[in-house]
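To keep things clear, I will list the structure first and then write my remarks on it.
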Amino acid sequence: MKSKRKWLAIPGFLALAAAAATLSAYAGASSSEGNAPAQPVAFPHTLHAGGNLKMNCIYCHYSAGKSPDPGLPAVGTCMGCHTTVAIDKPEIKKLAGFWQRKEPVPWVRVHKLPEYVHFPHMRHVNAGVSCQECHGQIQNMAVVYQQNSLNMGWCINCHIGRSNPQFKARYDCATCHY
Amino acid sequence: MSAETEAAKPGVKRRDFLKVVGATTVATTAMGCSSERVEKLIPYLVSPDETVPGVSTYYSTTCRECSAGCGVVAETRDGRAIKLEGNPEHPLNRGALCAKGQSALQGLYNPDRYRTPMIRKNGRLVAATWDEALTLFRQKLTETRGAAANAVFINRHESGNFPSFLNTWLASQGMPAALSIDPDIDHAAIAANKQSYGVAWPRLNFSAARLIISFGADFLDGWGANVPQQLDFADARAKLETAPRLIYVGARRSLTGLNADHWINARPGSELAIVQMLGGSVTAQQASQASGVDVAALTELQREFAAARPAMVLAGGASPRGMELCLAANALNQSAGGGATIGSSSGINGFEGIDSPSQLRAVAQRMQAGAVPLLMTRGVNPAYTMPKSSGFAAAMAKVPFKVSFSSIPDETSALADLVLPDNHSLESWGDAEPVRGTLSLQQPVMDPIFDTRATADVLASLGTAGATYRDIMIGRFPGGATGLAAALPRGIASGSTSVLVPRVAPAPVVGQPGNGDFFLMVYPSPLLGTGDGANKPWLQELPDPVTKIAWQTVAEIHPSTAARLGVENGDHVTVETVAGRLTLPAYVYLGIRPDTVAVAAGRGHSEAAGRYARAGHNAFDLLPYSEDRSGATSYSFAKAKVTKDGGFSRLVTTEGSARQHGRGIGQAMTLAELAQPQAHESHGEYPGDASHEFLPGLRSPTANDAQGDLGDKGEESKEKGMYDPKHWSGMAKHRWAMTVDLARCTGCSACVTACYAENNIPTVGADWQGPKFMPDRTGFGANITRSREMAWLRLERYFEGGEDGSANFDTRFVPMLCQHCGNAPCEPVCPVYATYHAPDGLNVQVYNRCVGTRYCSNNCPYKVRYFNWFGYGEPARAQYAFPEPLNWQLNPDVTVRGKGVMEKCTFCVQRIRDAENRASLEKRGLEPDEFTTACAEACPSRAITFGDAADERWTVAKLAHDKRAYHVFEELNTFTAVVYLKKVNHPGAAATAAAATAPATSGGH
Amino acid sequence: MATIVRPVDEPRRPNIATADVQLPAVKDYEQVDREIIATLHPTTAWFIGLGVAIFFLIVGAAAWIYQIYAGLGVAGYNPPVMWGVYIITFVFWVGIGHAGTLISAILYLFRAGFRTTIYRCAEAMTVFAVMTAGLFPILHLGRPWKFFWLIPYPNWRYLWPQFKSPLVWDVFAILTYLTVSSTFLYIGLIPDIATLRDKEKNPVRKRIFSVLSLGWRNSDREWRHFARAYLFLAAFSTPLVLSVHSVVSFDFAMALTPGWHTTIFPPYFVAGAIFSGIGMVFTIIIPLRKWFGLKHYVTINHLDAAAKLCLFTSLVVGCAYMQEWFVAWYSGIEFEKEFFANRIWGQWWWASVILYTCNMVLPLTLFKQSWRRSPTWLFILSFFINLGMWFERFVIVVPSLSHEFEPWQWGGYMPTWVDFAILAGSFGWFSMWFLLFIKQLPVIAISEVKEIIPPKLRKQHDHGIDSASRHLGYEPATPGEAS
Amino acid sequence: MSGVIGAFRELDSTVEAIEALKKEKLGEVTVYSPTPRHEIEHAVDAPQSPVRRFTLIGGLLGATFGYWIAIWVSDYWPLVVGGKAVASWVPYTIFGFEVMVLFGALATVLGLFINSRVPRLTMTVGYDPRFSGGDYGVWVECPPEREVEAQSLLRKFGAVEVRSES
């Protein structure tokens, strides 16, 4: 009877519903992934970290190896070169403006973890995790954007040694949440 | 969007971006473009060019909260001071710090501080620029040139070079030297000490004594220098067998009295008779007549005193014959102590050269007579601390021009015509001489938050040379700038300063006690002193160590009195003296004479003194003004009428029941019991008992240990995973644990404030922090009347005995914090793993996972979990506990909890992680006793020890095996990580005989 | 309104275990349809009632919104009393729910004939009570917007609920209970909706009914499977109803707290639940049978039978109360003894008095038949029972928490207006649903009533059918059909 | 499909009609009754309802899933709470039971729907609204040429109304 086949559809519908629910659960995963805000001064990582300069990240983010906080370069650090280099460029003019006004550059934060997560940069850097592991290929980013979801599952994958086993580390909640 | 996110401390950073060197970026900018101030800072351990964002820098400086001048180390992060610790190298406090000292931060970040100079324009103080203010000041100085000799400068007493600098400046203006006032100090005792020992405050060598008799000398609640005295006393008591026995004589059992082994409740002012009796000049009968103590007790005292040598006799003079009392006591002490207990070596040099309060009274009279053209005050608040009856505040109106250098508004500065706000001591240069020959250096640990200037700099700029006080300091310092730079890291240097000579006190004014059937006893609060602590929420929220009352002023009466008046806790009583009347809620307190009513001073400031200080009532309004021979104000001599008043208000107290109901929470033992092996209640069968192998680390976390089986049988049990000590993560190798020695703990509550400071715990007692719409409880402490205080670490104060109202009762102080149970009852009931057991033995609370079922708190036998009923941590909310700039103090390493989540003691997990990070940076393991928790670090009696119990090298691992060790509620099989060491009582001969029949002192099960 | 025929020839002492509870005044199928469908026409009184219900609901909702905005502090929580009115009311409503399932499922299996006319009402009450109860666990959360963390679903945190927590047990128990009981209600409704569909004139309503009735046609095939499914649902509901309140009782029994930490809670809670549920059934059915003129459907005999059940459960509960006392004394644990002393002589002595009076003393009146058969008394009594059972939960929750192990943290508890507003709101929510139900769908199961009234016969039984519709020839194919 | 439908007032005549129709083998007989009557069921003499199998399978699936989810989740991220076993089966029995009931009940309903062909989107021929009221109906599905025979048979047993439908 053809009505029979009609009823076979029901389990199918249920399966679809279940799948949809699962997907939606995962959908909330990465909130700010791909976030690429405009910066007060359009700093080209491509020129500094990449290109032919190939500066070491630690040169500007100088405390990444010794502090939970990677550190941002002082305007003074920038002016170290840019009093002489490329002074005519409009962006550099902006920078110089901050320098004369004795103002810090209000950089817009790209990679943000919630306040209840404690991420000690030095532990990761000293463990040999490269900056790119989390921040992506910054040296190739004209405008820096958030490449990874930075959500908890993403962290855990590394800590339990799933994504790259050599970096596995303690993974109880109080490692980061306190 | 989770609650924590709004409650973000980086949020704070962002807002303060340009105000101070707040955000990382700015800090580094400042470095880059060489702002002198930052370069000038000489850090404790590392030099400034090595300061790293996100890593704390430590500056050693000097605490100015009282005259003693303890050394503190200020932890600063990204340019903000976030925590004060004691300076371990300082001779006075040796690394400890009292609640008052730690609260200096809330003076620094007090939201009510003067943000600019203020000038009185048509009756109101209005903000002004420094130029305007200084011009006005100069002009007034020139105007008063002629009468300059009559100008008065009242300065908060401090040791060091500033006073002489000030006096030189005054002299240059043709003005008399400043009055150096310390309202918190017992002036009678100082005057007497000067006569008997030649120094203001000799070192009290408790360890040398076998018997200490204190006649109202509250050496643990602010009589003298808190921290050093408490350190010495705790050390003395810790020598269990040879520890001195303490007898307290007084009308009210203060914190010191509660720590005494025996209390003789003599009438206020009658202590002298008992001293004379011990001296032999009076018979026991006469003494009994005078003091209302029965003869037997006195003869027993006589006998015991005669037997015990060396003995120490201390006396505090708050009575009209205070000085006589102190002199007599000192004489007695010298005969009984033979100089061993109290030598003539200077203990607290900071107390030298304090002028008597009667000087202020004299000034008041001169002002009344209109003889004072110019009044300048700095750091003192006589308009409040001088009883209304002294007429000081009223007399100020007669002064044509009044200048205040206070940094925080108070009653006195509110009456001023010009306010030149001083920097906070943590923002300014200076020095102190805590002990003879040693300088304790004071340096700014951060930029001034507001547009304030150090008075020293102001005066310097007004003086001949335009130099800053820092330059003057360098000039005076041996070795100049380099010498100073070399000395600053340790914060102390040898050297001495010219000591002030106090002027001769004017002839004392003796007030009328009036009549009434009660003795009125006004005492300076152990926490708020005579009022300067009242504007600090930490100190307001911190329950009084004795009464456990916060945010409130109560009238303490004896149970029998309460019964007679027909009042219970909270019923209003009216206390009336010749000076005035106050209606206060009654607090029924066992430790007070039936014929005495006691009221703590320090609260009840005027609106002018800021949003926090308004709480409570001002006890000084009750006080008829009177002085003793030394010129000290007499606090306990007036008679009062106490009548029941219809009203009722809930006590703002953290006390549920003051009785243990035989539950053995705070346990004690006598020396006799300590002597015999296994004398303490032997719960041999309970795991974790000191008589057994105590291995908390390997005991608790693995599953099969619920049955007390040690689990680690060598083979990998699948159930253990990271809980296996052999797991690759190595997490289970540690077991963080703590011991609390009740024989040392005096109940001073410094640990509680340390915990507030370290863990961003909100204070909830302010009157705007309750429900906003149709609140059923209002006013200060509304939340606390619902016992919603958030103190992760609370100090429980239990009474044993004395149910019949007799004076013979024992007190147990129990610091109660999360016990970090191995088998924690709170964990299995949490539906979302928000609390679980970490492999290193911590009972972890994950704030951002908590949904707020509060089941964990229901199931916690120790009741140490606290719930965020309102958004205390959310800046947008009315209940926000850290109004700008208090939020600058928040510890960046600790999440600020949002609305609706549970929180509790974490064993300072942020410090554990910090130590682990440091160790891994230095490629090493953790060293024994490398770090400790905030409470342990602050504890002025060194009662708390924290560490890794699974590692034998740590002190805590040894202490956990102590004979006195026990767990609270060990019969619940919770395997707690906090081990208490029993208090040791020293009953007198008579009591020992009694104890033999009935072990009243050991409040076991 | 149909003319009410007084049941004169009612047997005085019905045997409730058999079909002897008859409806002599109900003559034929047409009368059933006529009279029951007649109840579905909304009246002014009904509209007023609905308005009141919705008003209270709005009050409660407003209070909740305020609580979510300001924080739980606006409620009267007073540590250590971390649970209060909300959990009390939660247990109260879950308890109410139990009677419905008991009557519709357990009594069905026991062939208790008197259930037929009252079960629909009771089952609806169950569903709405559980819907109400289900709100409270969410409502009492500190962060209600995170309640879904209690539900196991795959998530990027890799973190799941903690399945050892009684609260997660609750989630499963309550959700299962809600699903199963509403299914049971709906399945039972299908044939009746079909009847409504066929009687309905209004095309819109007809459309709705035909959708709801799923095209039910009363064919023999449908009836056959229907009977089977009905039986199995009943068979499932029976252990379920026992388990649900046991699980709820675990919330307390699994804790260390003195006064909670006891093994008799599951049976004690289940009995109490059924007791309170029957109370609520009285509260609802007695006015209903009056206003809807259904006295000849829900006869005195039915009430009498239900009253006996009520009395029995009351005795069980009373037993449990005394047992608690005995255990506390016999255990010799000071915490327990202290706590129970406090329960009676402490600050909440009055709550205990209310509890013992309403749940132990007053129901004893039901030993007398004339009281059992007096609707007025049963109605009054039912209010006392509801009150008493709410206070039973109060006495369990509040005094236990306020006097725990740590004397320093002993405290009190005083609810605020927010607690009471939300409590009132829960009654509004429940009443709203119930009122909507009784005017849209039959409160008496049409097809099941038809089952117990004699069918039309052309001639006396040469075919083995007698007027009492008991079959002589053979055993029924499925036990479920005999009634 | 076509057939004859007859409406009856009385139960016994309905039963007799059914038995006769079956004897005559006129075709598939469907009986409508306002309420389930075992007399009719006996007369129709249909096979045992297969709903119970649905119930059994659903229940077993449920119990298994209940235990499985609880144990799997606990072992997925093994955190110790209160020193208890990470996956402790005793409390998980609750989930086994609850989910068993849930799945079992839902499977039963599914069985009911599938077997009795509801939901039925179209009202098929051979039904009259009165069958949900007081009357019994008998629908016999038969080829048009035998309809007359069926009608007379139904009338013979006292059908108050008989008509052919298709």
Side-chain angles (χ1 to χ4, degrees), chain B residues 2-3 654-663 665 770-776 783 786-788 794 796-798 814 816 825 827-834 836 849-855 857-863 866-871 877 879 898-902 969 972 1005, chain C residues 66 68 70-83 137 140-147 149-150 157 159-171 251-252 254-257 260 334-335 338 397 400-414 416-418:
Chain B
S2 81
T654 60
E655 170 182 321
S657 163
R659 297 287 175 179
Q660 298 197 58
H661 302 265
R663 301 187 176 192
I665 295 157
K772 283 278 136 289
F773 177 56
M774 281 176 71
D776 61 334
N783 281 328
R786 283 202 183 274
S787 38
R788 289 172 180 174
R794 62 171 185 264
E796 302 183 345
R797 188 256 300 113
Y798 288 116
V814 187
M816 181 55 68
E827 289 163 1
V829 298
C830 176
V832 292
Y833 281 117
Y836 75 100
R849 179 65 173 173
C850 177
V851 295
T853 67
R854 306 183 301 292
Y855 199 168
S857 172
N858 287 349
N859 213 24
C860 173
Y862 308 92
K863 289 278 165 279
Y866 301 90
F867 188 71
N868 284 274
W869 298 104
F870 295 106
R877 300 196 164 276
Q879 292 90 356
K899 182 181 76 199
V901 305
M902 192 62 74
F969 301 144
L972 295 179
H1005 301 258
Chain C
Y66 172 58
I68 291 175
L72 265 189
V74 298
Y77 291 109
N78 191 352
V81 182
M82 288 286 192
W83 285 356
H140 99 296
L141 288 183
R143 301 201 291 164
W145 54 91
K146 297 265 188 233
F147 78 96
W149 281 352
L150 273 74
R157 287 177 223 91
L159 207 53
W160 294 69
Q162 202 272 89
F163 278 74
K164 290 181 212 71
S165 165
L167 297 178
V168 178
W169 308 347
D170 268 356
V171 172
D251 288 351
F252 305 104
M254 291 291 154
L256 280 170
T257 313
W260 287 9
E334 73 217 20
F335 305 127
E338 177 111 28
V397 171
S400 315
L401 289 173
S402 69
H403 260 59
E404 266 201 59
F405 297 95
E406 183 79 20
W408 191 257
Q409 290 295 86
W410 285 354
Y413 177 67
M414 184 57 208
T416 65
W417 66 275
V418 176

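Naming convention: chains lettered A, B, ... in sequence-line order (proteins, then strands); numbering from 1 in each chain. Remember, predicted model here, so these are calculated numbers, not experimental data.
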Most contact-rich option vs chain C, by heavy-atom pairs under 4.5 angstrom, among B:Pro771, B:Pro861, B:Gly871, is B:Pro861

If only atom types and distance count, is the side chain of B:Arg788 paired as donor or acceptor with the main-chain N or O of C:Gly73 below 3.5 Å? yes

Does any part of the side chain of C:Pro161, heavy atoms only, come nearer than 4.5 Å to the side chain of B:Val832, both counted from C-beta? no

Checking B:Val851 against C:Phe147 for the side chain to side chain contact (heavy atoms under 4.5 Å, CB included) test, could you report, in this order, the C-alpha distance in whole Å, the side-chain angles of both residues, the deciding distance, and whether it holds? CA-CA 7 Å; B:Val851 295; C:Phe147 78 96; over 6 Å; no

Could you report the tightest heavy-atom contact between B:Arg849 and C:Leu159, atom names first, then the distance? NE-CD2, 3.6 Å

Chain B: which of C:Val418, C:Asp251, C:Thr257 shares the most heavy-atom pairs with it under 4.5 Å? C:Asp251

Chain B: which of C:Phe335, C:Trp160, C:Phe163 shares the most heavy-atom pairs with it under 4.5 Å? C:Phe335

How long is the span from the CE atom in C:Met82 to the OG atom in B:Ser857, to the nearest 0.5 Å? 3.5 Å

Is the backbone of B:Arg663 close enough, under 3.5 Å, to the side chain of C:Glu334 for a donor and an acceptor to pair up by distance? no

How long is the span from the CZ atom in C:Phe405 to the NE2 atom in B:His661, to the nearest 0.5 Å? 14.5 Å

Check: C:Val74 main-chain N/O paired with B:Trp869 side-chain donor or acceptor under 3.5 Å: no

Count the heavy-atom pairs under 4.5 Å between each of B:Ala834, B:Cys830, B:Gly770 and chain C, then report the option with the highest count. B:Cys830

Answer with side chain, backbone, both or neither: which region of B:Asn858 has an atom nearer than 4.5 Å to a non-hydrogen atom of chain C? both

Nearest-0.5 Å distance, SG of residue B:Cys850 to NZ of residue C:Lys146: 11.0 Å

Check whether C:Trp260 gets within reach of chain B through its side chain, its backbone, both or neither, counting any heavy atom under 4.5 Å. side chain

In this structure, CG of C:Leu256 is separated from CG of B:Asn859 (nearest 0.5 Å) by 5.0 Å

Ring center gap for B:Tyr855 and C:Trp83 short of 6.0 angstrom: yes

Chain C heavy atoms under 4.5 Å from B:Phe773: which part of the residue, side chain, backbone, both or neither? both

Approximate separation, where rounding is to 0.5 Å, of B:Arg794 CZ and C:Gln409 CD: 3.5 Å

Evaluate the side-chain proximity of B:Ser787 to C:Pro79: yes if any heavy-atom separation is below 4.5 Å, no if none is. yes

By side chain to side chain contact (heavy atoms under 4.5 Å, CB included), B:Glu655 pairs with (sequence neighbours left out) B:Lys548, B:Tyr587, B:Thr653, B:Ala658, B:Arg797, C:Trp408

Nearest heavy-atom neighbours spanning C:Pro407 and B:Arg659: CB-O, 3.2 Å

For C:Gly71 and B:Phe870, work out which heavy atoms get closest and say how close. O-CE2, 4.4 Å

Here the pair of heavy atoms bringing C:Leu167 nearest to B:Val829 is CD1-O, 4.1 Å

Write down the atom of C:Trp410, the atom of B:Ser657, and the distance for their closest heavy-atom approach. CE3-CB, 3.7 Å

Counting N and O atoms only, with roles assigned by atom type, does the side chain of B:Lys899 sit under 3.5 Å from a partner on the main chain of C:Ile68, one being a donor and the other an acceptor? yes

d(C:Glu406 CD, B:Tyr862 OH) to nearest 0.5 Å is 9.0 Å

Is a donor from one side chain sitting under 3.5 angstrom from an acceptor on the other, for B:Arg854 and C:Tyr77? yes

